[in-house]
Protein chains: 2
Amino acid sequence: MGRPPLAKDKILAAARQIVEQHGAGCLTFDELARVSGITRGGITYHFPTKEDLLRGLLESDFAQWEESETALTPPDCDPETARLLGFIRAYTSQDESHRRFLSGMLSAATLDPSLMDPCRQELQERLGRKQWTERDLRMHILHLAAEGLMWQELFQMFALPAPARARLITLIERLAREWGEEQPGRLAKEA
Amino acid sequence: MGRPPLAKDKILAAARQIVEQHGAGCLTFDELARVSGITRGGITYHFPTKEDLLRGLLESDFAQWEESETALTPPDCDPETARLLGFIRAYTSQDESHRRFLSGMLSAATLDPSLMDPCRQELQERLGRKQWTERDLRMHILHLAAEGLMWQELFQMFALPAPARARLITLIERLAREWGEEQPGRLAKEA
DNA sequence: GTAACTATACAGAACATTCTGTATAGCTAT
DNA sequence: ATAGCTATACAGAATGTTCTGTATAGTTAC
């Protein structure tokens, strides 16, 4: 909490780099030591076991993720639409923090799927409360589209030229605003 | 070509099962032998190396994938819309063949990303020819939404109740038809 | 038609490597 | 003197790969 150690961040950064570049199968302690420049002893000091490492990856990424998500939320529309726009911007943002979250999730999922349980729980709570009106469904389509784009890019299956990509995101956001205002409904009165 | 061997199919089926249930990290020859009922010698006969195994997974899945994709294409609308609807149905279909494709891709990507190069190339060719009109972008949003849903379900991050899921897919298809007919443009005259 | 041979499809064990986890001793700045 | 880290070493297990053996079906020669 007080002085953040430097090595820990280097280790996590190197782990993300390895996963992104060579796949989660190459995420070993030896390779991690080589890439991060921290010795195996130092790595073990911070992450005694590999599960600790993966958990650390997930936690730091998830924190960064939620932080940026709320930071990107524009306040000029109703809360639910704003939240969706925050999602979309977070998913489609070019900066790497969101990819990092996904790569962490990916490595965790492939090496030990149970590590994702907290994420599952969180998602369950978020989506479980919805009524799934037509408006909810429409908004969810846009949410899924942004997420699908992120997956494609994470796997480097992304083939859209940059201008088209920018227009695509703009279009998604425009639709979010249009559809969000379509039915103000009971969302405006109760916070 | 003549008589398809039985063991090979068992091995591939077991591999998919392992990846789906326990993650690609658990896809080892020992586990594969245990689940498939084929001994390690037999496995090695058909797939001398692990790369061969993953390549086999990808190839068989990709074949199955394209087959079902075109099979699910409804012929009652313009070709491009029909193709999108085929995509969507393939992505969101409850039957397991598409999950299999994804699980194969996933294991390939996590263990050796370069195995996905053929898929990348195919996608590049498909998307590279588009002009990315507003209509194209809208259709692509629906494509991505279906794909995002598939990813969520593959990672078992899916939280929508079944009725809402069905309505979501119906809505996506409805939008595909609406947006597909919005601008017949130059698509109708040239095949 | 049967003996010799080839090719295919697997079984079963052995091998060498890699990886995780753990341990220990030392350095350095505060 | 303690936290943070370097440096090295090693045990135990897991894993990819290789090797040898076995069973069966098909082909060819005689």
Side-chain angles (χ1 to χ4, degrees), chain A residues 1-19 21-60 104 106-115, chain B residues 1-19 21-60 104 106-115:
Chain A
M1 303 276 189
R3 314 285 161 270
L6 309 97
K8 198 165 186 173
D9 294 333
K10 283 187 188 173
I11 295 169
L12 289 176
R16 284 187 274 255
Q17 180 185 334
I18 292 171
V19 171
Q21 290 184 356
H22 304 99
C26 297
L27 182 59
T28 69
F29 282 127
D30 281 327
E31 185 69 9
L32 197 50
R34 218 181 50 81
V35 174
S36 68
I38 311 295
T39 59
R40 282 207 52 177
I43 294 176
T44 307
Y45 177 81
H46 291 288
F47 305 102
T49 178
K50 193 161 188 181
E51 184 174 332
D52 292 326
L53 172 66
L54 293 176
R55 205 176 294 277
L57 257 183
L58 266 182
E59 282 177 6
S60 76
L106 190 58
S107 57
T110 55
L111 297 177
D112 184 358
S114 70
L115 289 176
Chain B
M1 302 278 190
R3 313 289 161 269
L6 309 97
K8 197 165 186 174
D9 294 334
K10 283 188 189 172
I11 294 169
L12 289 175
R16 285 187 274 255
Q17 182 185 332
I18 292 171
V19 171
Q21 289 183 356
H22 304 99
C26 297
L27 182 60
T28 69
F29 282 124
D30 278 328
E31 186 69 10
L32 197 50
R34 219 181 50 80
V35 174
S36 68
I38 311 294
T39 60
R40 293 203 48 175
I43 295 175
T44 307
Y45 174 78
H46 291 287
F47 305 102
T49 178
K50 194 161 188 183
E51 184 174 331
D52 293 326
L53 172 66
L54 294 175
R55 204 176 295 275
L57 255 184
L58 267 182
E59 282 177 6
S60 76
L106 188 60
S107 57
T110 55
L111 297 178
D112 184 358
S114 69
L115 290 175

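Sequence lines set the chain letters: A, B, ... in the order given, protein chains first and strands last, and positions in each chain run from 1.
The closest side-chain donor-acceptor pair between B/Ser60 and B/Arg16 falls under 3.5 angstrom.
In this structure, of C/dT20, D/dT18, D/dT15, it is C/dT20 that holds the atom nearest to the side chain of A/Thr28. In this structure, of D/dG16, D/dT15, C/dT20, it is C/dT20 that holds the atom nearest to the side chain of A/Arg40.
Residue B/Leu32 contributes atom CG, which lies 12 Å from atom P of C/dA11 at whole-angstrom precision. Taking atom CD1 on A/Ile38 and atom P on D/dC5, their separation rounds to 7 Å, with Å as the unit. In this entry the distance linking CD of B/Glu51 with C1' of D/dT17 reads 14 Å, nearest Å. A straight line from CG of A/Asp30 to C1' of C/dG21 spans 12 Å, rounded to a whole angstrom. In this entry the distance linking NZ of A/Lys50 with P of D/dG12 reads 22 Å, nearest Å. To the nearest angstrom, P of C/dT18 lies 17 Å from CG of A/Leu27. For the pair B/Phe47 CZ and D/dT15 C1', the interatomic distance rounds to 18 Å; values are reported in whole Å. To the nearest angstrom, P of D/dG4 lies 15 Å from NZ of A/Lys10.
Contact detail for A/Phe29 and A/Leu53: the closest heavy-atom pair is CE2-CD2, 4.3 Å. Minimum heavy-atom separation, A/Ala14 to A/Val35: CB-CG1, 3.7 Å.
Looking at heavy-atom distances under 4.0 Å, A/Ile11 makes no contact with the nucleic acid at all. Residue B/Thr49 is in sugar-phosphate contact alone, with no base atom involved, counting any heavy-atom pair closer than 4.0 Å across all strands shown. No engagement by B/Ile43 is indicated, since no non-hydrogen atom pair under 4.0 Å with the nucleic acid exists. Contact annotation for B/Tyr45: base contact, defined as any heavy-atom pair under 4.0 Å involving a base atom. A/Thr39 comes within 4.0 angstrom of a base, heavy atoms only.
Using a 4.0 Å cut-off between a side-chain N of Lys or Arg and a carboxylate O of Asp or Glu, B/Arg55 and B/Glu59 do not qualify as a salt bridge.
The phosphate of D/dC5 has OP1 or OP2 within less than 4.0 Å of a side-chain N or O from A/His46.
No more than 12 heavy atoms of other residues, nucleotides or ligands lie within 6.0 Å of NZ in A/Lys10, so this atom counts as exposed by the packing criterion.
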